[in-house]
Amino acid sequence: MLDTDTKRRIDTARDILVGKVPDPKSQVEQITIALIYKFMDDMDAEAEEWGGRRTFFAGEFERYGWPKLMRAGLGGHDTLNLYAEAIAKMPENPGIPLLFREIFKNAYLPYRDPETLRAFLKTIDEFTYDHSERLGDAFEYLLSVLGSQGDAGQFRTPRHIIDFMVEVVDPKKDETVLDPACGTAGFLISAYKHIRNAHSGEGAVPLTPDENGALARNFTGYDISPDMVRISLVNLYLHGFVDPHIHEYDTLTSQERWNEVADIILANPPFMSPKGGIRPHDRFSVQSKRSEVLFVDYMAEHLTARGRAAIIVPEGIIFQSQGAYRQLRKMLVEEYLVAVVSLPAGVFNPYSGVKTSILVLDKALARRADTIAFLKVENDGFGLGAPRREIEKNDLPTAAAELAEYLHRLREGEPVKETPTTLGHVVEKSRVAANGDYNLSGERYRDGSTRHSAYNHVALGDIVEVLDYLRRPITRSDRKAGPFPYYGASGLLDHVDGYLFDEPLVLVGEDGAKWGSGDRTAFAVEGKVWVNNHAHVLRPISELVVSRYLIEILNEADLSPYITGVTVPKLNQEKLRGIPHPPPAARRPACDCSGDRGLPEGNRRRAGCGGELPPAHRRGPGVADGAA
């Protein structure tokens, strides 16, 4: 449990740095480097107390010892120069382990203000080290400030979601564990704790000394970012991994580790592909340039014969109709997939409102099972707004129990029929494969009446994916003229040399106001476009929701109840997702047979001329007459 003094010191260190180092990731890096620096000197001091000698700060590196850095009388600029020189030269220090040399590789001091450094080092000096779990918890708290790594489409996975995924795949002491996009190594640490907890406490069979020593060697992580590698090495070391196996490695384009497989794979891979897509090698089963497709393919293909995996994926994997997505889903359904857990939009708040699901893979079970379980988690124990305050409602324990029961029955060879569960239902694979789309949206496979009512009593966030985590503004220096439309809160702003999206989407101004001088709140874009951070980007998540009908509903709606702020009115993501579907309207769309108002042709024809649409005809295509 994190103690209040340690938390306060970490907060103080961040507060000191924030004026000179505004980026949260850089703050974490600077605190990490300073903590390890102090830690090494503490270990030297402990060795001397026990009659040994200093090894970390010995020989020519003795001049960089922490007491010399903190000694009274050393001027501010002298302290700054000594510290900057020390961290730059530390990778050359022959007296420190390779792990620590890796941590200091490419480290540098990003500011030159002596007073900031002195205040920062004074706070670091208050930390003491006993190499306990408490220090690991402190580092986990430090990592919690990382939040969004937007350029790579990465978002820090909440601890309770990580623990849930680990519980579902249930790693064992003799199984290898891999995270191919490990970030700060949260999945690896949770899996390690899960195994140790299973062998402690009353009635448990404790690990032997040999098993305990060998356990950490079963864990491996890859990350493309050297900064993330450095942070994950420290995190693992502070959690008892003396020799952590974290590699700077591009999982999607490199082949050096292609032949390495694992019994357990856990990951929250990047959702965003760089401009132009990924350029992968040709060993993937599914040919694509989308990072989310390639990562899921990689993880499925790198499971051992008894391998299991839990993977967080964006909604595009669940329903996108492009060929690579369909090919991936077909492969998963036929060979790997045993369950899909839909998570509520807002799990990644305050960093992103992206809607996600968890794919649960079990290579041995999937090949002999003829069903897939679909579960929908409505509450994860925390409010879905930006503060993410703890609440009483939590579906995760029920989801874990239902999955455990379902997987147990599969392993025992018991028949599992297509039946509802508390949080979802079990579906035969033949239904999922029926039309060749292999759609993994659980709502699709409910009975007709349930699906019918579900789409009439939902919030907007249940029928669209909000892709705001992919949008971003262009700086003035980078805003070059080009062929691609550039949109903002007021509509089309410019044409630029670059794009972020290349698919049919719906845009809604972040202030909820009408676009330009017209009376439209929402409109469609298609093809290659750039959208800045003042327009919401919506993608319908089901073929039941036609984009032009969604646009018509939003344009007819009165959104004023959902706009907050007086000086700066704003329709934030939380409010947008909570708008009921259909929303309260200022005027209901009339048929108007003489003009196309964006309503599906069949609905206009059936409604009759000039009259208000009957409720049944307001639902959208395929639903008005009770069609599934």
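For clarity, every value in this text was computed on a predicted model and none was experimentally measured.
By the side-chain contact (heavy atoms from CB on, under 4.5 Å) test, T356 is found to be paired with F271, I312, L343, F348, V354, residues two or more places apart in sequence or in another chain being considered. For E402, the side-chain contact (heavy atoms from CB on, under 4.5 Å) partners at least two apart in sequence or on another chain are L375, T398, T421, T422, L423. In this structure, D250 has no salt bridge (Lys or Arg N to Asp or Glu O under 4.0 Å) partners at least two apart in sequence or on a different chain. With sequence neighbours left out, S254 forms a side chain to side chain donor-acceptor pair (under 3.5 Å) with no residue at all. F501 pairs by the ring-ring contact (aromatic ring centres under 6.0 Å, His included) definition with nothing, not counting sequence neighbours. Applying the salt bridge (Lys or Arg N to Asp or Glu O under 4.0 Å) test to D362 and every residue at least two apart in sequence or in another chain returns R411. For E335, the salt bridge (Lys or Arg N to Asp or Glu O under 4.0 Å) partners are R367, not counting sequence neighbours. In this structure S225 satisfies the side-chain contact (heavy atoms from CB on, under 4.5 Å) test together with D223, D227, M228, sequence neighbours excluded. With sequence neighbours excluded, the residues that form a ring-ring contact (aromatic ring centres under 6.0 Å, His included) with H302 are W258, Y298. S232 is linked by a side chain to side chain donor-acceptor pair (under 3.5 Å) to nothing, counting only residues two or more places apart in sequence or in another chain. Evaluation of the side-chain contact (heavy atoms from CB on, under 4.5 Å) rule for K429 yields V333, A366, I372 as partners, not counting sequence neighbours. For D263, the salt bridge (Lys or Arg N to Asp or Glu O under 4.0 Å) test picks out R306, with sequence neighbours left out.
Distance CG/N439 to CZ/R329: 6.0 Å, rounded to 0.5 Å. A distance of 10.0 Å separates CG of D163 from CG of L396, quoted to the nearest 0.5 Å. Distance check, rounded to the nearest 0.5 Å: CZ of R283 to CG of D297 gives 12.5 Å. Separation of atoms CG (L328) and CZ (F284) is listed at 11.5 Å; rounding is to 0.5 Å. Between atom CD1 of residue I264 and atom OG1 of residue T176 there is a gap of 8.0 Å, rounded to the nearest 0.5 Å. K193 contributes atom NZ, which lies 12.5 Å from atom CG of L188 (distance to the nearest 0.5 angstrom).
When every heavy atom of Y486 is checked against every heavy atom of I474, the shortest pair comes out as OH-N, 3.4 Å. Nearest heavy-atom pair, M165 versus I311, reported as atom, atom and distance to 0.1 Å: CE-N, 3.9 Å. In this structure, H534 and R471 approach most closely via the heavy-atom pair N-NH1, 4.1 Å. Nearest heavy atom pair, residue V166 against residue A191, reads CG1-CA, 3.8 Å.
Taking the six-membered ring where the residue is Trp, F374 and H425 present parallel rings, their angle staying beneath 30° rather than reaching 60°.
Residue E102 forms a side-chain contact (heavy atoms from CB on, under 4.5 Å) with just one option from I246, L233, V234, and that option is L233.
Side-chain polar atoms of E301 and Y336 form no donor-acceptor pair below 3.5 angstrom. A donor-acceptor contact closer than 3.5 angstrom links the side chains of H194 and D170. In this structure, a donor-acceptor pair under 3.5 Å is present between the side chains of Q320 and E503.
The shortest side-chain heavy-atom distance between H160 and N394 does not fall under the 4.5 Å cut-off. In this structure the side chain of L236 never reaches within 4.5 angstrom of the side chain of F219, judged on heavy atoms.
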